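The structure displayed is predicted, hence computed values, not measured ones.
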Amino acid sequence: MTDGPVSLDKALASFDALWSPRIVTRVNDYDVRVAKVEGEHVWHAHDHTDADEFFLVLEGELRISLREPGGERTVVLPRGAVFTVPRGTEHKPRAPSGAAILMFEPAGTPTVGDRHEEVPDHVDATTGHPLEG
C-alpha cells in the first residue's frame, strides 16, 4: 500500500490472476481489495466476521447467488452497481463473461469464508495480496 493516490485501472493492470484479490488500501480495520473474476467462485459464508461484505463492479457484470431464510436468489450487478452481502449469509459470486470488482471487508477476511465448498484450483484462498508496483 502506498501513502499516495491509487489508480484502480493501474492496480487492475498489474496482475492477471483470477479470483485473487489485491489490497489497494486500508480504511480503519477494513481492506479495500480489487479482483479480476471470471467463471464461478464457491458457495461460502463468513461466520466469524462480524461485518457485511461490500461489492462494487468496476467492469463487466457480477452475479451473486444468496442462500437466505426465504430461499435462494441471485442479484445481478452491472458495471457501476454496488451490493452488500449481509454477514453470515451464504453466497456464491460468479461472472460468466468476466468482471473487475472492488470489495470492502474486514482486514484478514478469507476470500473463501469460514465455511465453504471444496475450493477449486482457479480460486485463490487468501486474505488478499499486497498490490505490487
Side-chain angles (χ1 to χ4, degrees):
M1 287 183 287
T2 68
D3 59 355
V6 175
S7 162
L8 294 180
D9 289 336
K10 287 182 182 177
L12 287 164
S14 73
F15 66 98
D16 291 320
L18 298 174
W19 300 109
S20 184
R22 300 306 192 263
I23 301 168
V24 294
T25 193
R26 183 164 284 150
V27 178
N28 299 317
D29 295 332
Y30 283 77
D31 285 340
V32 178
R33 304 173 184 176
V34 293
K36 294 178 180 179
V37 299
E38 188 171 350
E40 296 190 358
H41 200 267
V42 296
W43 279 106
H44 67 284
H46 302 278
D47 294 326
H48 302 296
T49 302
D50 192 26
D52 302 330
E53 186 174 9
F54 172 88
F55 292 86
L56 164 63
V57 178
L58 302 170
E59 298 172 11
E61 179 182 273
L62 182 70
R63 299 174 185 181
I64 303 175
S65 295
L66 304 157
R67 290 181 176 155
E68 300 170 308
E72 194 171 301
R73 70 180 173 118
T74 298
V75 294
V76 178
L77 306 172
R79 181 183 174 277
V82 300
F83 183 75
T84 300
V85 175
R87 64 180 149 225
T89 301
E90 195 171 9
H91 58 289
K92 180 179 187 173
R94 67 184 191 278
S97 300
I101 60 175
L102 180 142
M103 297 161 289
F104 191 75
E105 54 195 347
T109 299
T111 57
V112 295
D114 308 305
R115 175 172 41 94
H116 54 79
E117 298 177 321
E118 184 174 335
V119 179
D121 291 341
H122 73 277
V123 173
D124 184 9
T126 181
T127 56
H129 298 283
L131 187 61
E132 302 288 328

Taking the side chain as every heavy atom from C-beta outward, state whether [X] and [Y] have any pair of such atoms under 4.5 Å apart.
| X | Y | value |
| --- | --- | --- |
| Val32 | Tyr30 | no |
| Asp52 | Phe104 | no |
| Arg33 | Thr109 | yes |
| Val34 | Leu102 | yes |
| Val75 | Phe55 | no |
| Arg94 | Thr74 | yes |

Roughly how far apart are [X] [atom1] and [Y] [atom2], rounded to 0.5 Å?
| X | Y | atom1 | atom2 | result |
| --- | --- | --- | --- | --- |
| Lys36 | Asp16 | NZ | CG | 4.5 Å |
| His41 | Ile64 | NE2 | CD1 | 11.0 Å |
| Arg79 | Leu56 | CZ | CG | 9.5 Å |
| Thr84 | Glu105 | OG1 | CD | 11.5 Å |
| Arg22 | Leu8 | CZ | CG | 14.5 Å |

Which heavy-atom pair separates [X] from [Y] by the least distance, and what is that distance?
| X | Y | result |
| --- | --- | --- |
| Pro96 | Arg63 | CG-NH1, 4.0 Å |
| Gly108 | Asp31 | N-OD2, 3.8 Å |
| Pro106 | Ala51 | CG-CB, 3.5 Å |
| Val42 | Pro93 | O-CD, 4.3 Å |
| Val6 | Ala11 | CG1-CB, 4.5 Å |

In one Ile/Leu/Val/Met/Phe/Trp/Tyr side-chain cluster, 4.5 Å: Phe83, Val76: no
Whether His44 and His91 hold their rings parallel, tilted or perpendicular, with breakpoints at 30° and 60°: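 His44 and His91: tilted rings.
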Between Trp19 and Glu38, is there a donor-acceptor pair closer than 3.5 Å when you use the side chain of the first and the backbone of the second? yes
Worked check of salt bridge (Lys or Arg N to Asp or Glu O under 4.0 Å) between Arg67 and Glu72: CA-CA 4 Å; Arg67 290 181 176 155; Glu72 194 171 301; 3.4 Å; yes
